[in-house]
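Encoded as structure tokens, here's the structure I'll be asking about.
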Amino acid sequence: MELFPKRKRLMELLGKSKEELRELCVALGEPAYRGGQIYHALYAERKLEVARMTNLPAALRERLSNEARITLPHVKQRFASADGSVRYLLALPPAEDNAATKETSVEAVFMPSEGRQTICISTQAGCAVDCQFCLTAQLGLIRNLTAGEILTQALLPLEEHKAELAPQTNIVLMGQGEPLLNFEPVMAAVRIMLDGEGMGISPKHVTLSTSGIVPGIERLAKERVRPKLAISLNASHDEQRDALMPINKKYPLAVLMKACKDYPLRTWEHLTFEYVMLGGVNDSAEDARRVVKLLAPMKSVKVNLIPWNPGELPYQESSPERIEEFRRILVDRGVPAFVRYSRGRDVMAACGQLALLDSSTETGLVSIIQ
Ligand code: SF4
């Protein structure tokens, strides 16, 4: 069955800013403020069908139903973890501006916990960055996602779980893809997340994680509205990082660390460094001491140590003792460090595991879930 039958060319509402929706209403001969009402209904109230936007006059709803659309992904599968997390495998329709693209899939993970829920979303389908410890890298880059496709990954799980939502929502842009290589759509989505009249999430609760795309970090630094920034570090020296993250050959540690040092932090903010612990590869006491040295020039940092999530890659987990020793070395030298166990490991929803794994994937990766 075709999930997305050929679509009539209609105006897409999802992903549009308030200004764009106001302009769209004016073009339809409606007052501009109707655009603000659509914006509020879409993002603040998550009314993902025009028919549910009862803040609009019936005649306008009727017109929008004929002339506009809200494209939602098709939920191919939900994988429920024993820890309460849900991994969503979402099918997206082909990109409208590129007839050559096919239907594609991405993943989002909903993780409820005491007092909050965290949603991990993808910014690209697949990824070109080729980190050696990451299953997503094996997909290669399939395509960039639009702002609407990025937002729906948060809106959809929130709407599905609305009966049991905790007061605080965290969004982490840490799923498939390198967010800073899809800058404009990512920032268009983030502005809507952080807008009080949009999704209304505090910038303290939205985190963008990068593999270290230095021009993107410099560009993000100039944005008036921006999320928190996390750097996926994973190595303590260039040779090691070149091997684990080939992007390091383009932006070596000295260049990356300078961009981090120059990054303008807000008073409440710190830079987060993510460090995936790979047994016998990057988890020695010397590695820990080198990480301390690397981060020494920076004012406000924290390190998240992420135990490796086993996948189909040739790495091993670090032992809990090794991880604790690494953490102790950082903390004793004044670098706040925390061990972050990933959620959803049993359903391939954890860090570095998002690779569209299901029984019908077109990527050649085989099913290990059920
Ligand atoms: Fe891409 Fe992130 Fe995976 Fe690296 S870790 S390959 S940047 S998805």
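Both ligands and their constituent atoms are indexed starting at 1 by order of listing.
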Residue Cys127, metal atom 4 (Fe) of ligand 1, N/O/S under 2.8 Å: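 Of the N, O and S atoms in Cys127, none lies under 2.8 Å from atom 4 (Fe) of ligand 1, which means no.
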Pair listing, side chain to side chain donor-acceptor pair (under 3.5 Å) test, anchored in residues 25-34, at least two apart: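 Counting only pairs at least two positions apart or across chains, the side chain to side chain donor-acceptor pair (under 3.5 Å) contacts touching residues 25-34 are Arg34-Gln37.
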Over-ring placement of Arg87 relative to Phe79, 6.0 Å and 45° cut-offs: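 Relative to the ring axis of Phe79, which defines the angle, Arg87 lies inside both limits.
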Cys134 N/O/S atom closer than 2.8 Å to atom 3 (Fe) of ligand 1: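 It does: Cys134 brings an N, O or S atom closer than 2.8 Å to atom 3 (Fe) of ligand 1.
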Proximal atoms of ligand 1 relative to Ala137 (non-hydrogen, under 4.0 Å):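 Within the 4.0 Å cut-off of Ala137, ligand 1 contributes 6 (S).
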Where at least one partner belongs to residues 154-190, residue pairs that pass ring pair (Phe, Tyr, Trp, His ring centres under 6.0 Å), sequence neighbours excluded: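 Every ring pair (Phe, Tyr, Trp, His ring centres under 6.0 Å) pair that includes a residue of residues 154-190, provided the two are not neighbours, is Phe110-His161.
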Proximity of Asp130 to ligand 1 by residue part, where a heavy atom lies under 4.0 Å: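 Just the backbone.
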Min heavy-atom dist Ser232 to ligand 1 below 4.0 Å: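 Judged by the 4.0 Å heavy-atom criterion, Ser232 does not count as contacting ligand 1.
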Euclidean distance, Leu244 CG relative to Asp130 CG, rounded to 0.5 Å: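 Answer rounded to 0.5 Å: 11.5 Å.
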Distance-only polar pair, side chains of Glu20 and Tyr39, donor-acceptor under 3.5 Å: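 Side-chain D/A pair, Glu20 to Tyr39: absent.
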Heavy-atom nearest option to atom 8 (S) of ligand 1, drawn from Gly177, Gly212, Ser211, Pro179: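 Of the listed residues, Gly177 has the closest heavy atom.
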